[in-house]
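Computed from heavy atoms alone, side chains included, the values below leave out hydrogens, waters and symmetry copies. Numbered from 1 within each chain, the chains take letters A, B, ... in sequence-line order.
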There are 2 protein chains.
Amino acid sequence: MSTPEPGPGAREALLDAAEVLFARQGFGPTTIKEIGSAADLNPALLYYYFGNKEELYRAVLVRIVGELVRRGQARVDAAVSPEDAIRGVVETQMAFLIAHPTAPKLFVREMLDHEARRGEQVILQLAAGLFRRLCETIEEGQRSGVFRADVEPRFAAVSIISQMVYFNLARPAVGLFYGLGPDGITDDITRDFGKHAGEFALRALRAEAGSGNER
Amino acid sequence: MSTPEPGPGAREALLDAAEVLFARQGFGPTTIKEIGSAADLNPALLYYYFGNKEELYRAVLVRIVGELVRRGQARVDAAVSPEDAIRGVVETQMAFLIAHPTAPKLFVREMLDHEARRGEQVILQLAAGLFRRLCETIEEGQRSGVFRADVEPRFAAVSIISQMVYFNLARPAVGLFYGLGPDGITDDITRDFGKHAGEFALRALRAEAGSGNER
DNA sequence: GTCTATAGGTGGATAGAC
DNA sequence: GTCTATCCACCTATAGAC
């Protein structure tokens with residue numbers, strides 16, 4: 001009585017298939033036919049739903065990066081202190097990157113391809129929002145004296161973000177460095193790294209005990 | 001009397017042109033004809049010197065990443081203390097990455113494309129050498145008591161490397177985050193970030209003053 | 001909404017002259 | 001060593017049947 005596979009399902013299936021392939025291979029080397037067969041759909045449907053390959057790419061990117069940034073910002077906004085904010089974003093973002101391994105790859109590919117201006121600045125504008133929020137948090141911690149004042153907040157924000165993104169994109173390489181093979185880094189190890197990254201950043205940021213904090 | 005442009009010159013010119021294009025666009029989207037016209041040479045020469053596109057890619061990668069790793073290792077070996085080693089590698093590597101902006105891009109692209117196994121493990125094996133050296137340095141600092149013992153050395157090594165690579169590959173994005181435009185991050189700012197990254201890592205690693213160091 | 005067929009263009013690679 | 005000409009495979013995109 002109902003149609004077996006209505007339109008909306010096809011749209012999502014194409015997005016899902018394209019997300020995986022763009023992340024693994026990049027935009028250029030991924031073909032329309034590959035996307036179609038990965039989604040188990042006719043490749044021509046891509047043109048019906050998205051117009052062309054680039055529009056599909058953009059749709060994939062705003063869906064995944066938008067969600068990543070949204071969750072990070074929500075966690076910062078919910079934080080009760082600068083320390084909590086930093087620990088919280090790192091934990092939240094790591095959890096998201098583990099659940100969506102395509103996200104860091106797509107994000108970094110987009111930065112690398114930026115000169116080719118494919119996704120244009122949509123994604124970077126999204127990311128800029130989270131970046132600024134993180135900077136403000138660090139500045140707040142500096143004003144209240146919990147963080148040392150001689151750190152450039154924007155540099156510190158890069159230091160924090162870089163660890164999360166890089167570890168996830170370097171997972172196969174790190175596995176080889178460990179001598180465990182390309183699949184040697186489990187999700188558990190990755191979560192542990194997340195805890196490490198949070199503490200690493202906080203220790204680097206915290207003001208020395210007794211440097212003017214005595215009342 | 002001497003030939004105007006002997007063979008060796010052509011080989012280098014192809015490597016140079018390919019390095020820039022592979023870094024900017026990636027392996028797949030870069031065409032043989034583009035490389036030829038960028039090098040101001042006949043594209044067919046590529047097959048004479050390198051056999052095919054993939055071999056050229058491999059040659060580009062081992063040349064640049066090999067040099068990057070070699071310099072980093074030399075600096076670690078020349079260090080007089082674990083602290084000096086870390087500050088030194090970061091400074092040396094940042095200087096190299098600034099002088100060779102293609103290096104971080106090629107290296108990260110290779111990690112992303114690793115599943116496609118194009119450069120195979122040549123580059124990762126090179127990088128693994130530097131990674132291990134860095135781990136050993138951190139362990140040495142822990143044994144001597146200057147670094148805290150509750151840090152996983154391999155995690156810390158990733159934290160250090162990630163900052164350097166990521167900042168350089170995210171330069172255009174960071175420029176936008178700063179509100180300076182894609183070319184807003186100068187080499188001077190990048191060098192400043194290098195100093196920040198070194199101090200950031202050392203503060204995170206150092207054992208608390210007075211936690212057993214009193215004689 | 002879905003699919004077939006195909007147009008139109010470009011890419012990697014080679015043969016062979018010079 | 002260098003260059004021209006060219007083959008064949010494959011890719012994006014569209015026209016149009018169902």
Subject >> Residues Arg71(A), Glu67(A); criterion salt bridge (Lys or Arg N to Asp or Glu O under 4.0 Å); working and verdict >> reply: CA-CA 6 Å; Arg71(A) 295 209 195 183; Glu67(A) 186 62 21; 3.0 Å; yes
Subject >> Short side-chain N/O contact from Tyr49(A) to OP1 or OP2 of dT2(C), under 4.0 Å >> reply: yes
**OP:** May I have the distance from Glu55(B) (atom CD) to dA13(C) (atom P), rounded to whole angstrom?
**Re:** 10 Å
Original post:
Would you find a donor on one side and an acceptor on the other, under 3.5 Å apart, between the side chain of Arg109(A) and the backbone of Ala23(A)?
Top reply: yes
**OP:** Consider the side chain of Asn42(A), meaning its heavy atoms from C-beta on, and name the nucleotide among dT4(C), dC3(D), dG1(C) that approaches it most closely.
**Re:** dT4(C)
**OP:** Could you check Arg75(B) against Glu91(B) for salt bridge (Lys or Arg N to Asp or Glu O under 4.0 Å), going step by step and ending with a plain yes or no?
**Re:** CA-CA 10 Å; Arg75(B) 186 60 184 80; Glu91(B) 194 186 353; 5.7 Å; no
Original post:
Should Arg203(A) and Glu199(A) count as side-chain neighbours, where that means a heavy-atom distance under 4.5 Å?
Top reply: yes
**OP:** Apply the test side-chain contact (heavy atoms from CB on, under 4.5 Å) to residues Leu68(B) and Leu97(B): give CA-CA distance (whole Å), side-chain angles for both, the deciding distance (0.1 Å), then the verdict.
**Re:** CA-CA 8 Å; Leu68(B) 172 68; Leu97(B) 297 178; 3.9 Å; yes
**OP:** Anything under 30° is parallel, anything over 60° is perpendicular, the rest tilted; go ahead and classify Phe200(A) against Phe200(B).
**Re:** tilted
Subject >> Basic-acidic side-chain contact under 4.0 Å: Arg58(B), Glu54(B) >> reply: yes
Subject >> Atom-pair distance (CG on Leu45(A); C1' on dT4(C)), nearest Å >> reply: 12 Å
Check: protein-nucleotides 16-18 of chain C nitrogen or oxygen pairs below 3.5 Å:
none

Original post:
Between Tyr57(A) and Phe22(A), how do the two ring planes meet: parallel, tilted or perpendicular, split at 30° and 60°?
Top reply: perpendicular
N/O contacts under 3.5 Å, protein versus nucleotides 12-14 of chain D?
residue	atom	partner	partner atom	Å
dT12(D)	OP1	Thr30(A)	O	3.4
dT12(D)	OP1	Lys53(A)	NZ	3.0
dT12(D)	OP2	Ile32(A)	N	3.0
dA13(D)	OP2	Tyr47(A)	OH	3.0
dA13(D)	OP2	Lys53(A)	N	3.3

Original post:
Rounded to the Å, how far apart are Ile35(A) CD1 and dC11(D) P?
Top reply: 11 Å
